[in-house]
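First comes the structure, then the notes that go with it.
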Amino acid sequence: KEKVEITKEQQALMKIITDAYNRHQIPQDVAKKLLQDQYSAEENFLLLTEMATSQVQVLVEFTKNIPGFLSLDREDQIALLKGSAVEAMFLRSAQVFSRKMPSGHTEVLEERIRKSGISEEFITPMFNFYKSIGELHMVQEEQALLTTVTILTPDRPYVKDQQAVERLQETMLDVLRKLCVLQHPQEPQYFARLLGRLTELRTLSHYHTEMLVSWRMNDHKFTPLLCEIWDV
Ligand SMILES: O=C(c1ccccc1)c1ccc(-c2nc3ccccc3n2[C@H](C(=O)NC2CCCCC2)C2CCCCC2)cc1
């Protein structure tokens, strides 16, 4: 049985990424707002676009802390951000949803999201994803590294130097794999389950345009940044 060991430099890498991930949290907590009041579809959509806009700004700041990211070709940096923004948003939403809350709060939050205005057909796959993330009980280092691995996906549209991105992603995957083995010794297939979530995430994000335009309301307004990122 090979002894899995995280090296000193991998430890340092993980600390940089986890600290950055925790530092760049969304300012005000959307879950708290949702638990306070019931909003109309229009108000909810506005809340979503505000939260998502600030999350994209937070994502850009976070990527600056990924060792090696700023050494990539600048256009490739943009392509990676654009290509991963929706997935990162769903990953963060899943983590918000799976957070430990006082009993009954998760049920209220789920109800508020189900009734928020998002169209029925997307509710099930979205919650299936949220619950599959919740079941993993990821530690914050795993959450930070999973978001980093998602950002560093080489085959995003318009990425020119895919090898350079692949090398960076490999570095992060190696740390994540070791972390999973050390954090979940009873579950040798945990790392594979974690990567399986990224496939589910990509599928969910594939329908993001339909999800947005099908919100049960007319005249969906987006910020300029979201028009860029969400292709709407
Ligand atoms: O339709 C959606 C969509 C959006 C963009 C692209 C494709 C689909 C679409 C629909 C719900 C959620 C979504 N799932 C959530 C899980 C837990 C908590 C909030 C959640 N949200 C929304 C949200 O604010 N998310 C934040 C979370 C922090 C990071 C930025 C995003 C609110 C918005 C107010 C109404 C209720 C849900 C997230 C997304």
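Whatever order the structure lists ligands and atoms in, that order sets their numbers, starting from 1.
Closest to atom 37 (C) of ligand 1 among all protein heavy atoms lies I113 CG1, 4.0 Å. Closest protein heavy atom to atom 14 (N) of ligand 1: Y130 OH, 2.7 Å. The nearest protein atom to atom 27 (C) of ligand 1, hydrogens excluded, is given as S93 OG, 3.5 Å; this is a heavy-atom distance. Scanning all protein heavy atoms for the shortest distance to atom 24 (O) of ligand 1 gives V30 CG2, 3.4 Å. Shortest contact from atom 18 (C) of ligand 1 to any protein heavy atom: V96 CG1, 3.7 Å. For atom 22 (C) of ligand 1, the closest heavy atom belonging to the protein is L48 CD1, 3.9 Å. When only non-hydrogen protein atoms are considered, atom 10 (C) of ligand 1 lies nearest to I118 CD1, 3.7 Å. If you check which protein heavy atom lies closest to atom 34 (C) of ligand 1, you get N44 O, 3.5 Å.
At least one N or O atom of W215 sits closer than 3.5 Å to an N or O atom of ligand 1. Note: no N/O pair closer than 3.5 Å links S116 and ligand 1 by distance alone.
By the 4.0 Å N-to-carboxylate-O rule, E61 lies close enough to K64 to be salt-bridged with it. Ion pairing between a basic and an acidic side chain is recognised when a charged N comes within 4.0 Å of a carboxylate O; D37 and K32 show no such pairing. Using a cut-off of 4.0 Å between Lys/Arg side-chain N and Asp/Glu carboxylate O, E110 and R114 are scored as salt-bridged. Between E141 and K15 there is no salt bridge, since none of the side-chain N atoms of the basic residue sits less than 4.0 Å from a carboxylate O of the acidic one.
Residue contacts with ligand 1 for W230 involve side-chain atoms from C-beta outward but no N, CA, C or O (heavy atoms, distance under 4.0 Å). With a heavy-atom cut-off of 4.0 Å, H208 touches ligand 1 through backbone and side chain alike. With a heavy-atom cut-off of 4.0 Å, Y39 does not touch ligand 1 at all.
In this structure, C180 and L194 approach most closely via the heavy-atom pair SG-CD2, 3.5 Å.
Under 3.5 Å, the side chains of S132 and E200 contain a donor-acceptor pair of N or O atoms. For the 3.5 Å distance criterion, the side chains of Q10 and D174 qualify, holding a donor opposite an acceptor.
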